[in-house]
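Because the structure is predicted, anything quoted here is derived from the model rather than measured. Heavy atoms only: backbone and side chains are in, while hydrogens, waters and symmetry mates are out.
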Amino acid sequence: MLIKETDAMRVLSIARRLTIPDVKRESAALAPVIEAEMERSRLAPAGPWIFIAQNLPKNAKTLFDWRICRPVTGGEDYHGDLELINLEPIMVASARHQGPMRSLFTEGYAPLVKQIETSRHNFSGESREIYHRWAGQGARYHEIEIQFGLAN
């Protein structure tokens with residue numbers, strides 16, 4: 001577990017209220033929408049894809065607020081249909097998952113949650129997945145950074 005402050009960044013994003021199983025479908029559908037809008041608006045990518053969750057549930061049936069984001073540069077005069085927002089720096093507990101998506105929760109999330117729970121830190125309710133290396137659906141290897149926002 002690494003405790004660090006995230007960088008401030010401008011992101012082009014789309015928000016949804018969904019369940020954990022919906023993320024796969026929604027991310028596949030929405031990423032091309034964001035990419036097309038970036039091209040149309042002449043926004044340049046400035047980092048890997050980020051998924052932000054508010055109060056990520058511990059089960060597959062509970063709805064939660066989720067946002068797919070792509071860091072971008074430019075956009076001072078953006079007037080498109082998507083949200084161009086500024087993410088402020090936050091303190092997070094972070095860990096990297098390297099492997100298939102099927103082990104993201106058991107080998108990525110679970111150990112990090114346990115470490116945070118046994119530390120002096122408290123969850124803020126925000127969590128993020130940063131896709132440093134995405135090899136496509138069904139691939140055996142990805143590199144995904146898991147971040148849990150920390151309160152105080």
- Query: Between atom CG of Leu63 and atom CG of Asn55, what is the distance when rounded to the nearest 0.5 Å?
  - Reply: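 One finds 12.5 Å between CG of Leu63 and CG of Asn55.
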- Message: Can you tell me how far apart NZ (Lys114) and CE (Met1) are? Round to the nearest 0.5 Å.
- Response: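 If we round to the nearest 0.5 Å, Lys114:NZ and Met1:CE are 13.0 Å apart.
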So do the side chains of [X] and [Y] get within less than 4.5 Å of each other, counting heavy atoms only?
X: Ser124; Y: Leu150; answer: no
X: Arg70; Y: Leu43; answer: no
X: Trp49; Y: Cys69; answer: no
X: Ile50; Y: Met9; answer: yes
X: Glu5; Y: Ile90; answer: no
X: Val92; Y: Ile3; answer: no
X: Arg96; Y: Ile144; answer: no
X: Asn122; Y: Phe148; answer: no

- Query: If you count the non-hydrogen atoms of other residues, nucleotides and ligands that lie under 6.0 Å from CG in Asn86, is the total more than 12?
  - Reply: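 Yes.
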- Task: Start with the C-alpha distance between Ile34 and Ile14, add both sets of side-chain angles, then the distance that settles side-chain contact (heavy atoms from CB on, under 4.5 Å), and finish with yes or no.
- Result: CA-CA 8 Å; Ile34 291 174; Ile14 301 171; 3.8 Å; yes
- Short side-chain to backbone donor-acceptor contact, His79 and Asp77, under 3.5 Å: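 Checked: pair present.
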- Query: Quick check: does any side chain N or O of Ser103 sit under 3.5 Å from a backbone N or O of Pro100, one acting as donor and the other as acceptor?
  - Reply: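 Flag set: sc Ser103 to bb Pro100 pair under 3.5 Å.
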- Message: Taking side chain to side chain contact (heavy atoms under 4.5 Å, CB included) as the definition, give me every residue that meets it alongside Pro21, ordered by chain and number, with sequence neighbours left out.
- Response: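 Partners of Pro21 by the side chain to side chain contact (heavy atoms under 4.5 Å, CB included) criterion, ordered by chain and then number, come out as Thr19, Ala60.
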- Item | Ala15: side chain to side chain contact (heavy atoms under 4.5 Å, CB included) partners, not counting sequence neighbours |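 For Ala15, the residues satisfying side chain to side chain contact (heavy atoms under 4.5 Å, CB included) (neighbours in sequence not counted) are Arg67, Glu83.
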Closest heavy-atom contact between [X] and [Y]?
X: Phe64; Y: Val23; answer: CZ-CG2, 4.1 Å
X: Met38; Y: Ala44; answer: CE-C, 4.1 Å
X: Ala93; Y: Leu112; answer: O-CD2, 3.8 Å

- Query: What residue pairs, at least two apart or across chains, pass salt bridge (Lys or Arg N to Asp or Glu O under 4.0 Å) with a residue in residues 7-23?
  - Reply: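 Those involving residues 7-23 are Arg10-Glu76, Arg16-Glu26, Arg17-Asp65, Asp22-Arg25.
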- Task: Return each pair, listed once, that meets salt bridge (Lys or Arg N to Asp or Glu O under 4.0 Å) where at least one residue sits in residues 36-55; pairs must be two or more places apart or across chains.
- Result: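 Listed once each, the pairs are Glu37-Arg40.
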- Query: For Glu145, which residues count as a side chain to side chain donor-acceptor pair (under 3.5 Å) partner, sequence neighbours excluded?
  - Reply: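 Result, side chain to side chain donor-acceptor pair (under 3.5 Å) vs Glu145: Lys4, Ser94, His132, Gln147.
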- Residues in side chain to side chain donor-acceptor pair (under 3.5 Å) contact with His142, at least two apart in sequence or another chain: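 Side chain to side chain donor-acceptor pair (under 3.5 Å) check on His142 returns nothing, list empty.
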- Item | Trace of the side-chain contact (heavy atoms from CB on, under 4.5 Å) decision for Leu84 with Tyr78 | CA-CA 8 Å; Leu84 183 62; Tyr78 177 74; 3.7 Å; yes
- Evaluate the side-chain contact (heavy atoms from CB on, under 4.5 Å) criterion for residues Ile130 and Phe51: first the C-alpha distance (whole Å), next the side-chain angles of each, then the deciding distance (0.1 Å), finally the verdict. CA-CA 7 Å; Ile130 295 87; Phe51 296 173; over 6 Å; no
- Query: Which class fits the ring pair Trp134 and Tyr131: parallel under 30°, tilted 30 to 60°, perpendicular over 60°?
  - Reply: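 Perpendicular, since the angle between the ring planes exceeds 60°.
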- Item | Same apolar cluster: Phe105 and Ile146, side chain cutoff 4.5 Å |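 Per the 4.5 Å side-chain linkage, Phe105 and Ile146 are co-clustered.
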- Task: Evaluate the criterion side-chain contact (heavy atoms from CB on, under 4.5 Å) for residue pair Glu88 and Thr6; output intermediate values, then yes/no.
- Result: CA-CA 8 Å; Glu88 298 297 324; Thr6 64; over 6 Å; no
- Residue that, paired with Trp66, satisfies side chain to side chain contact (heavy atoms under 4.5 Å, CB included) out of Leu18, Ile52, Ile20: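 With Trp66 as partner, side chain to side chain contact (heavy atoms under 4.5 Å, CB included) holds for just one option, Leu18.
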